[in-house]
Amino acid sequence: MDQRTKKIETVLAEDRQFHPPEAFSRQAHIPSMEEYAKLYKKSIHNPVSFWESVANELVWFQKWDKALEESEAPFYKWFVNGKTNISYNCLDRHLDSALRNKAAIIWEGEAGDQRTLTYSQLHKQVCRFANVLKKLGIGRGDRVAIYLPMVPELVISTLACARLGAVHSVIFAGFSAEAIRDRVLDCEAKLVITADGGWRRGNILPLKNIVDEAIQDCACVKHIIVVKRGENDPFPCHMKEGRDYWYHDIIDGVSAECAAVPMDSEAMLFLLYTSGTTGKPKGIIHTTGGYMVYTYITAKYVFDLKPQDVYWCTADIGWVTGHSYTVYGPLTNAATVLIYEGAPNWPDKGRFWKMVEEHAVTIFYTAPTAIRSFMKWGDEWPNKYNLSSLRLLGTVGESINPEAWIWYHQTIGKGRCPIVDTWWQTETGGIMLTPLPGATSTKPGSATLPFFGIEAAVLSEEGKEAEAGILAICRPWPGMLRGIYGDSQRYKQTYWSKWPGKYFPGDGAKKDKDGYYWILGRIDDVVNIAGHRIGTAELESVFVEHESVAEAGVIGIDHEIKGQCLVCFISLKEGRQATESLAEELKEWIAKKIGRFAMPEKIIFAADLPKTRSGKIMRRLLRDIASGRALGNVTTLADANVVEQLKKKYEED
Ligand code: PRX
């Protein structure tokens, strides 16, 4: 049985339903299924009026002429000719009321150090830093790369860029020097913001040193700003005169007044690189107005945000979840956001729950891979702490297996807290399929129903409605990506060409009798490791850059904690020895070239890889071998013996 069939069967067997607790519904923004259905219908039948009324909840310096321009589809435009600024909407908009002195960010470092910034304080910090950026020549449209640990300066940097109309490209601080270089060069970043270090499990990651290595060949980078975090020890960082500045030095004495620049609704807000099915990662483009409206309203309804909430999304801001649901969505809603720098098991496995108790967290949003780790670590850790402040739980990144869902519901939520399983992608900008916690009855493992304004479907390859097939989004929405940086054809080809007028997200899905969606995982060659997307083609091309490697075939297989992990079939060049130490070297090679989070689980050396007669590696057969299944169709193989030999080799290893 292949993995997908197995998943469909598990899904079909899952018929438990959990209704929103009455007390929750009573106070919720969307308190019932009737209310959801009414508003959903309105959003689909009259999308322009729906989205305009949402946009009107925010501040615009100039009103748009048209909510949606479709004439050059799929190059859709939202809130055409509107002028706004998302940094203004995250900060200034809240300053005239009591929200001014409300905590915007409660931050905790791994060592336990804490900082709280009210909206007014955050506003000042952002203005001051925006003035610093201006002084260094950064303005509208300039790209700024950000490679920071989870410290308040990361949020400040993104909002300062947005304030000036500069485009931020946040690079997750687990990426390697080479990955930084690729991203910096692709968007020709003028400035990099980093730190001397970041804490992880009691150790310092030498971020500035990694940036130095990365930008050796990047003539576009004129300046580096360095946040002092690692106490300069044990990795003293070299500051290049005239190019590098300490954050605390350069911000010293700078004015806290900086007007937010009115930005066109369709002006680029940020780039975020993500893996695809071919070659190098692509720079996903998000723009100002539509993204702001979409993250604002999804955050408000999906997390049922209220002024008294303490909201914690555990994702790193280096991924889209952190962009949309640590920074922009919650701050446009004037929420109090908890941010944590370090690892969940530091100094012990109770760290998260200790923080929930201490900060009285009310909403907790994390990933299934984290939940499976918590389960494995044992109930004694959460049970040591008082989790009664929690009222809502969320998950994102991959389908949650029903067992983990039930554990989350019982052990963390004590059966009281609704769970929102939110399906979305870097490209979608915000949550697309999700329960609304006061309205939707949930089924463990299902992302349930579409958000307002989202028309979804499960289609066959040919575009016919199917019970199980491929997920499609049937119309544009404000938070959608606007393109791939520097490659508009690839944007059109990748996302909008499978079926006319419909967006193709690359996920398999099933729709049940209640219209609930069940996501069955990627149908392309993208692997989801611990909620992080990795394109197998990207890994393969990195492998063949190694001097010993002739060819590589990379696949994902099921993994108990990470969801999926990487198995890499490698054929070596003539005369190279397949040794244990070479396997280790190749794993390190991936860590060096991409980042440690992409480290393969297993390297299998093979004399040859199964290929079609046209020379394409047949990953499907590699998957069959790795999961011990009967081999699928081998008739298109150039040399059928290759697979048999490989299968034997895999079973021996
Ligand atoms: O396969 C889906 C899976 O993650 C992919 C998107 O990855 P990324 O762009 O890195 O964004 C992750 C966080 C938004 C999707 O194509 N995915 C995400 N959320 C879910 C999910 N699969 C099932 N259920 C989810 N809730």
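Just follow the structure's listing: the first ligand is 1, and inside any ligand the first atom is 1.
At a cut-off of 3.5 Å, with distance as the only test, a side-chain donor of Ser324 or Tyr291 sits close to an acceptor on the other residue.
Looking only at protein heavy atoms, the nearest one to atom 13 (C) of ligand 1 is Thr321 OG1, 3.4 Å. Considering only non-hydrogen protein atoms, atom 4 (O) of ligand 1 sits nearest to Gly397 O, 3.3 Å. With respect to atom 25 (C) of ligand 1, the closest heavy atom belonging to the protein is Glu398 O, 3.5 Å. The shortest contact between atom 7 (O) of ligand 1 and any protein heavy atom is with Arg533 CD, 3.0 Å. Shortest contact from atom 23 (C) of ligand 1 to any protein heavy atom: Ser399 N, 3.0 Å. Looking only at heavy atoms of the protein, atom 2 (C) of ligand 1 is closest to Asp507 OD2, 2.9 Å.
Geometrically, Arg183 engages Phe175 in a cation-pi contact, judged by NZ or CZ lying under 6.0 Å from the ring centre and within 45° of the ring axis.
For Tyr485, the side chain to side chain donor-acceptor pair (under 3.5 Å) partners two or more places apart in sequence, or in a different chain, are Arg143.
Classified by interplanar angle (parallel below 30°, tilted 30° to 60°, perpendicular above 60°), the ring pair Phe597/Trp319 is perpendicular.
Tested against Thr362 for a side chain to side chain donor-acceptor pair (under 3.5 Å), the candidates Asp309, Asp304, Thr336 yield a single pass: Asp309.
Across Thr428, Ile284, Thr426, heavy-atom proximity to atom 9 (O) of ligand 1 is greatest for Thr426.
Counting heavy atoms closer than 4.0 Å to ligand 1, residue Arg522 contributes side-chain atoms (C-beta onward) but none from N, CA, C or O.
Per-residue contacts place Trp424 under 4.0 angstrom from the following atoms of ligand 1 (heavy atoms of the residue considered): 6 (C), 14 (C), 15 (C), 18 (C), 19 (N).
Applying the salt bridge (Lys or Arg N to Asp or Glu O under 4.0 Å) test to every pair with at least one member in residues 420-448, sequence neighbours left out, gives these pairs: Glu427-Arg533, Lys443-Asp512, Lys443-Asp514.
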